Asker: 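Provided herewith is a single structure, encoded as structure tokens, for subsequent inquiry.
Quantities reported herein were computed from a predicted structural model and do not represent experimental measurements. Below, read A as the first sequence line, B as the second, and so on, with proteins coming before strands; counting in each chain starts at 1.
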Amino acid sequence: MKQLVAVLTVLLAIVVIWYAACIPMNIKGVLTEQERAGAEVVPPSAKDRRDMGEIGLALRNSFAIPATWAQDRPRLPAPHQVAIELWETTVQKKITSKRSLVYHGWVTLSATILGFAIGTGLGILLAVGIVHSRVMDLSVMPWAIVSQTIPIIALAPMIIVVLYSIGIQGIIPKAVISAYLSFFPVVVGMVKGLRSPDAMQLDLLRTYNASNSQVFWKLRLPASMPYLFASLKIGIAASLVGAIVGELPTGAVAGLGARLLAGSYYGQTVQIWSALFAAAILAACLVGLLGLIERAVLKRMGMAQR
Amino acid sequence: MGSVIEAKNLDLTFQTNDGPVHALKDVNLAIDKGEFVSFIGPSGCGKTTFLRCVAALETPTGGTLTVNGMTPDEARRNRAYGYVFQAAGLYPWRTIAKNIKLPLEIMGYSAQEQEERVKNVLELVDLAGFGEKFPWQLSGGMQQRASIARALAFDADILLMDEPFGALDEIVRDHLNEQLLALWARTGKTIGFVTHSIPEAVYLSTKIVVMSPRPGRITDVIDSPLPKERPLDIRDTPEFIEVAHRVREGLRAGHEDDV
Amino acid sequence: MGSVIEAKNLDLTFQTNDGPVHALKDVNLAIDKGEFVSFIGPSGCGKTTFLRCVAALETPTGGTLTVNGMTPDEARRNRAYGYVFQAAGLYPWRTIAKNIKLPLEIMGYSAQEQEERVKNVLELVDLAGFGEKFPWQLSGGMQQRASIARALAFDADILLMDEPFGALDEIVRDHLNEQLLALWARTGKTIGFVTHSIPEAVYLSTKIVVMSPRPGRITDVIDSPLPKERPLDIRDTPEFIEVAHRVREGLRAGHEDDV
Amino acid sequence: MMVGLAILLWLAGWWLNTRLASGPYADTRAVRILAPLIFGLTVIGVWELLVRGLEVPLVILPAPSVIWDRFWDSLPILWADFVQTIIKGALSGYVIGCGAAFLMAIAVDRWDFLRLGLLPVGNFVAALPIVGTAPILVMWFGFDWHSKAAVVVVMVFFPMLVNTVAGLREATAMQRDLMETYAATYWQSFLKLRLPAAMPFIFNGLKISTTLALIGAIVAEFFGSPTLGMGFRISTSVGQLSLDMVWAEIVVAALAGTAFYGLVAMIEKLVTFWHPSQRG
Amino acid sequence: DEVTLQLKWVTQAQFAGYYVAKDKGFYEEEGLDVTILPGGPDIAPTQVIAGGGADVTVEWMPAALAAREKGLPLVNIAQPFKRSGMMLTCWKDAGISSPEDLKNRTLGVWFFGNEFPFMSWMSQLGIDTSGKSENGVEVLKQGFNVDPLLQRQADCISTMTYNEYWQVIDAGVSPDELVTFKYEDQGVATLEDGLYVLEDNLSDPAFVDKMVRFVRASMKGWKYAEENPDEAAEIVLENDATGAQTEEHQKRMMREIAKLTAGSNGALDPADFERTVNTLLAGGSDPVITKKPEGAWTHQITDAALN
Ligand SMILES: Nc1ncnc2c1ncn2[C@@H]1O[C@H](COP(=O)(O)OP(=O)(O)OP(=O)(O)O)[C@@H](O)[C@H]1O
Ligand SMILES: Nc1ncnc2c1ncn2[C@@H]1O[C@H](COP(=O)(O)OP(=O)(O)OP(=O)(O)O)[C@@H](O)[C@H]1O
Ligand SMILES: [Mg+2]
Ligand SMILES: [Mg+2]
């Protein structure tokens with residue numbers, strides 16, 4: 001309850017700041033438009049206004065302030081403009097329409113999920129290898145860390161082309177990038193998780209003369225669950241970023257990334273913002289969904305106390 | 001060679017970054033079948049290390065150690081040990097019954113036999129009816145009893161307990177001590193028991209091994225004159241106090257150098 | 001009104017998700033200056049809670065509590081308390097000397113005075129020469145002594161100790177008990193001391209408060225007949241055993257219901 | 001032939017590492033450094049042989065030797081790009097972003113209301129695909145490094161904030177009660193207890209942020225830049241099919257990223273020497 | 001037979017001919033099953049074709065020649081675009097009226113292979129591109145949109161006659177606020193959208209035959225699009241998966257494109273090729289190509305297709 005009030009207050013503050021920020025951000029564009037429409041603007045030349053302070057301009061031309069919240073192609077769209085765009089492109093469009101964000105969201109989501117599945121699977125496998133083989137631990141783990149310093153996002157176009165060249169197209173190149181991004185958090189979390197049983201718990205199984213696979217299935221795997229879920233939540237958000245990035249270079253075909261790009265290409269800021277928000281909402285939903293699964297699984301396992 | 005556990009000139013040196021640590025030096029000890037042996041001594045004197053050697057969790061660097069005439073590792077593969085650690089160490093994702101089933105699953109008992117044994121040991125440790133609870137739903141004392149039940153569920157000859165009651169309060173501890181004695185009488189297992197508490201050691205054991213650190217060695221082995229039947233009140237008798245006094249003296253002797 | 005600490009009908013109820021918990025109910029107690037008072041009782045009976053109320057870390061929901069004639073919070077702001085917790089709780093990023101300086105820095109002592117006091121208390125607890133070590137370089141017993149030194153470094157009238165030796169082994173504990181008694185005799189502070197060990201309580205205290213849970217209340221207050229001068233051997237005397245017996249009975253009475 | 005050689009090299013490298021890992025010196029520092037090195041060299045060797053053996057076109061994947069030559073031939077360009085992207089864009093954004101997040105974390109820690117209200121919102125924003133903000137920020141802050149720094153600020157802010165807030169809550173109840181019994185003021189207990197206790201978390205945030213900063217600065221250059229910078233070079237070089245140049249930039253990025261990360265990790269070791277994870 | 005065509009840019013009227021040919025069944029009539037892959041800001045069509053991801057690609061000649069010099073033997077088999085649509089669009093109120101006025105300004109330029117004509121133009125004018133100075137300009141790598149101009153971050157930006165220029169106009173700027181320099185008029189025009197294949201393939205008669213049919217059908221598509229611009233634009237819209245294109249913009253683009261394709265029957269005019277090469281060879285300090293390319297184009301396909 002208290003939390004709700006706090007969150008709402010913070011949100012309200014953000015919205016207020018946002019509206020306020022629209023004034024200086026958009027005032028120059030608005031004044032230019034007004035000037036073209038024949039309104040009296042001080043100073044009258046766009047060139048003079050170029051180097052002037054935005055706030056001063058807004059004060060001197062206060063009649064133009066409402067227009068800063070209703071521009072067609074604002075530098076910063078007002079919250080309600082984004083909300084209306086979101087509403088129109090989700091609820092009011094047929095979901096099969098290419099103008100529907102639901103359609104684009106679905107395109108991105110399917111790549112995200114495929115990539116996430118690949119990344120998670122590989123990540124878990126690698127983690128199992130690292131935990132069980134000292135060679136892998138010694139030689140591969142440091143490179144897994146170095147691999148994260150490579151700006152994979154910058155390489156996305158090349159990856160896509162290389163995959164094209166071996167005949168892989170469509171959803172898979174995107175999924176590969178999103179798998180690459182989700183893979184690392186899963187490896188790190190899973191290695192930590194599989195190593196989380198303490199020496200005592202391992203010794204206990206040793207006194208039972210348990211085999212390696214028994215140790216894995218009965219101890220390491222269940223013990224790693226909380227770690228796994230924590231890293232899955234990071235991983236899925238990373239996957240979504242990967243899928244979106246993967247959509248950028250393939251050109252504006254379909255997906256939220258393509259939508260972002262097309263918005264940017266045609267200067268449709270409102271469209272950029274609504275695609276951004278759609279992506280964030282999608283990410284929040286995915287993370288939330290994983291959270292629910294986590295709760296359910298851990299509860300069934302008896303690890304969620306109370 | 002009637003001993004179940006026999007150590008001769010046992011040595012164990014750990015190589016650490018700060019140089020070698022002599023955890024055990026020249027340890028000689030024979031434990032007979034059915035004995036209740038307590039190990040007592042200041043922190044770091046090698047009690048845990050000795051128990052771990054017996055259970056083949058640690059490999060001695062010198063001397064010989066036999067368990068039932070075999071090497072400890074052979075005995076381990078024959079599943080000769082039930083080991084109880086200081087903390088209960090139950091798996092939080094398994095119910096109490098499932099926790100007790102764990103060794104049975106690993107050792108490949110049939111499902112039906114598993115059920116039966118779980119039922120039996122739960123009764124043995126007074127936890128009947130708690131099988132479906134998760135560990136965190138139980139008090140510390142109950143968890144510790146469940147972990148003892150887990151060690152009892154399969155037919156290990158030897159029960160090794162490393163400060164099993166260290167984390168519990170005195171009253172709960174008294175109660176568990178009483179129950180442990182009863183259990184020992186009923187099953188006739190050989191028990192190795194590490195403790196820091198003099199009264200506990202004296203109350204439980206037929207033989208008390210006093211150890212001292214740097215290097216870890218045995219300074220005294222006291223055979224208890226107390227009868228097998230031991231009510232809690234026995235702790236106020238002069239015999240008890242006499243033994244306790246001897247243990248304390250032994251401890252103090254090996255403890256001179258530090259605090 | 002000669003009492004340093006005086007509790008009248010003290011009540012404390014925690015509101016939790018599972019309903020209210022009566023941590024303290026109707027607690028009446030008066031502690032005189034220079035007394036050594038032990039609190040003993042099963043887990044959850046409110047020992048810690050009572051100590052925390054005295055130190056103004058918890059606010060009672062009923063009754064009155066005065067310290068030196070003030071409210072606990074005023075006393076806290078006058079820096080009347082030295083508090084020692086179960087774990088040493090030294091800051092790992094500070095050396096032992098710096099840890100002891102911590103309260104002095106906060107209370108604004110001059111640099112020179114800080115140095116002097118640190119030197120004094122380090123000697124008092126037998127840790128001279130260890131000032132520049134980091135906590136993890138010391139044994140558990142030494143860390144606990146450092147934390148006592150920290151509580152002694154400034155001039156608090158009242159020393160509150162919550163199971164300070166709970167994590168140590170018996171021998172180290174005996175030794176620290178001896179030193180604590182000596183310290184108490186030298187400084188004449190009023191000490192409130194929580195423990196789970198009957199011998200420890202009897203050995204140290206001039207007054208033993210036996211508590212019982214659900215709701216947390218005082219079931220017995222025993223004034224010790226033992227002399228002020230107490231060698232460790234005193235624990236084998238009949239008077240000692242007599243008092244210990246009485247404490248154990250008191251505990252058992254309040255402990256009937258569970259294990 | 002080359003392919004066979006590649007397989008052989010792979011097996012040899014793996015065998016060597018297996019020997020090292022199970023050998024008597026497995027725990028020494030030398031092996032810890034050697035093993036990944038051998039692995040890396042093996043990968044590079046296999047790559048070279050495969051590219052030659054399978055005659056992979058240069059425009060798809062250049063061989064390491066080609067990349068190496070290009071790297072040495074283009075040092076001045078690479079250096080200029082490095083300065084533009086890493087020093088000006090990433091580093092300044094990193095400092096501003098982490099600094100701002102740190103101050104915000106103190107505020108969040110100080111006022112519970114903020115923590116309750118801001119953290120969930122922060123988590124939502126953190127889930128935003130920040131890359132998407134790059135075109136917007138380029139539009140707002142111009143083409144030079146300022147917009148890159150702005151992207152970096154946005155990218156590192158929330159990871160740093162979340163970690164620092166978690167760190168400031170890290171001190172145990174007992175440690176805080178101790179301060180209470182000394183009647184310490186808020187700032188005393190902040191400086192002497194909560195801040196040092198938070199250090200491992202703060203450094204965790206700082207470490208995560210290093211790679212984010214690099215990625216942010218490079219990606220932002222895709223959306224407009226002066227004719228300089230690593231992201232600029234990568235995208236124009238792809239257009240010119242100079243894949244060797246692209247990979248040379250990637251080498252720079254990986255080196256810079258590893259060095260940056262290593263530097264922060266080293267400072268962490270100095271500052272949090274007391275933490276069990278550092279005492280090892 | 002299957003043919004994969006890689007476009008240079010996103011789905012828009014710039015490629016109407018191919019979409020029309022596909023939609024109207026011209027390809028089918030020739031027995032071809034054509035897959036059209038849209039491009040994007042970071043896709044290098046040359047790289048795609050090098051990797052075997054496409055049989056034929058739409059590319060601009062400077063990029064194709066550069067790739068050829070890098071060892072990727074691309075050959076122009078047809079040239080549907082006769083004229084260049086690239087130009088520089090500037091604010092008039094910044095005081096720019098002739099190319100001389102560009103000095104000491106900030107200019108937005110596309111990179112990714114599209115910067116070559118600009119560079120050679122500047123070097124012809126004797127303008128240094130390494131920074132603002134009395135005799136130099138500051139060059140920005142322009143993104144995909146016209147914001148740098150609208151936000152006045154640059155005095156001039158690169159635009160295409162059929163696309164970005166209209167985006168500026170759509171943003172509410174009136175044409176007389178702007179000054180444009182068409183590369184065509186400055187004599188530095190280079191050939192734009194042509195069809196390129198790998199040289200090796202041309203020795204395979206089956207492939208050549210396929211290309212002949214492909215070019216024939218594609219040119220039929222282009223001529224149809226020229227005559228029916230509105231219908232062509234609608235066909236393009238139907239093929240745009242982003243849903244971001246507007247009808248008005250595409251129709252206008254189609255009409256502008258028609259001006260560029262007009263006069264080409266698909267065969268490359270060697271004179272245009274010479275001009276392009278000369279422009280590129282004059283590319284200043286860092287020329288795109290260093291020597292005259294040999295065998296970079298052929299009439300083999302167009303001769304067969306158009307006769
Ligand atoms: N794995 C190990 N590596 C290095 N030294 C070890 C290891 N295990 C134990 N030691 C050292 O061996 C000595 C004996 O340790 P051990 O754990 O057996 O003592 P203990 O009597 O059980 O002590 P405690 O009462 O604290 O449990 C100690 O000095 C300890 O530090
Ligand atoms: N902050 C709290 N919120 C809710 N309940 C609490 C809180 N602190 C203590 N309690 C409850 O109050 C009761 C008394 O707790 P307290 O810690 O004083 O017991 P104790 O005698 O110190 O026990 P122990 O020997 O385990 O330390 C317990 O039931 C405990 O669960
Ligand atoms: Mg031990
Ligand atoms: Mg307590």
Side-chain angles (χ1 to χ4, degrees), chain C residues 48-49 51-59 67 72-96 98-109 133-137 147 150-151 153-164 192, chain D residues 102 105-106 109-110 112 115-116 163-207 264-280:
Chain C
T48 298
T49 306
L51 237 55
R52 290 173 60 83
C53 284
V54 173
L57 296 173
E58 219 69 80
T59 315
V67 176
D73 206 51
E74 283 162 349
R76 179 175 72 86
R77 272 189 253 115
N78 284 334
R79 282 144 178 173
Y81 307 110
Y83 205 109
V84 181
F85 297 89
Q86 170 151 21
L90 299 170
Y91 292 177
W93 54 86
R94 284 177 168 243
T95 60
I96 299 299
K98 283 244 186 149
N99 261 293
I100 296 173
K101 264 186 207 161
L102 176 72
L104 305 176
E105 286 169 12
I106 288 173
M107 298 175 189
Y109 285 76
K133 292 257 189 282
F134 279 97
W136 71 83
Q137 298 172 314
S147 90
R150 185 175 57 184
F154 56 102
D155 304 307
D157 297 345
I158 303 169
L159 200 54
L160 301 173
M161 308 173 90
D162 192 356
E163 291 189 61
Chain D
F102 180 75
I106 294 175
D109 183 65
R110 179 83 223 243
D112 218 35
R115 189 175 58 79
L116 285 176
N163 269 288
T164 309
V165 169
L168 289 176
R169 303 175 63 77
E170 175 62 9
T172 60
M174 191 186 91
Q175 289 173 323
R176 261 175 277 160
D177 283 346
L178 187 68
M179 283 302 193
E180 193 89 333
T181 64
Y182 299 153
T185 62
Y186 173 85
W187 288 109
Q188 279 176 330
S189 101
F190 178 80
L191 280 178
K192 294 191 192 294
L193 171 60
R194 259 124 23 89
L195 190 58
M199 277 305 163
F201 284 76
I202 292 177
F203 271 98
N204 199 21
L206 286 175
K207 282 196 289 191
V264 175
M266 217 166 72
I267 299 174
E268 174 183 29
K269 222 175 168 75
L270 289 179
V271 174
T272 65
F273 63 93
W274 48 269
H275 198 257
S277 67
Q278 300 292 340
R279 272 186 261 140

Asker: Residues two or more places apart in sequence or in another chain: which of them pass side chain to side chain donor-acceptor pair (under 3.5 Å) with C/R77?
Answerer: C/D73
Asker: Between C/R79 (side chain) and D/A183 (backbone), is there a donor-acceptor pair under 3.5 Å?
Answerer: yes
Asker: In terms of heavy-atom proximity below 4.5 Å to chain D, should C/I106 be classed as side chain, backbone, both, or neither?
Answerer: both
Asker: State which residues pass side chain to side chain donor-acceptor pair (under 3.5 Å) with C/T48; sequence neighbours excluded, sorted by chain then number.
Answerer: C/D162
Asker: How would you list, in number order, the residues of residues 175-182 of chain D that have a heavy atom less than 4.5 Å from chain C?
Answerer: D/Q175, D/D177, D/L178, D/M179, D/E180, D/T181, D/Y182
Asker: Provide the closest heavy-atom pair for C/W93 versus D/P196 in the form atom of the first, atom of the second, distance.
Answerer: CE2-CB, 3.1 Å
Asker: So what's closer than 4.5 Å to chain D heavy atoms on C/F134: side chain, backbone, both or neither?
Answerer: side chain
Asker: Measure across C/Y91 and C/P135 and return the closest heavy-atom pair with its distance rounded to 0.1 Å.
Answerer: O-CG, 3.6 Å
Asker: Could you pull out the closest heavy-atom pair between D/Y186 and D/D109, with the gap in Å?
Answerer: OH-OD2, 3.5 Å
Asker: Where on D/A197 is there a heavy atom nearer than 4.5 Å to chain C: the side chain, the backbone, both, or neither?
Answerer: both
Asker: Does the pair C/L90 and C/R150 meet the rule for a side-chain contact (heavy atoms from CB on, under 4.5 Å), with working shown?
Answerer: CA-CA 9 Å; C/L90 299 170; C/R150 185 175 57 184; 3.9 Å; yes
Asker: Measure across D/A198 and D/L168 and return the closest heavy-atom pair with its distance rounded to 0.1 Å.
Answerer: CB-N, 3.7 Å
Asker: Applying a criterion of heavy atom separation less than 4.5 Å, what residues of residues 98-105 of chain C form contacts with chain D?
Answerer: C/L102, C/P103, C/E105
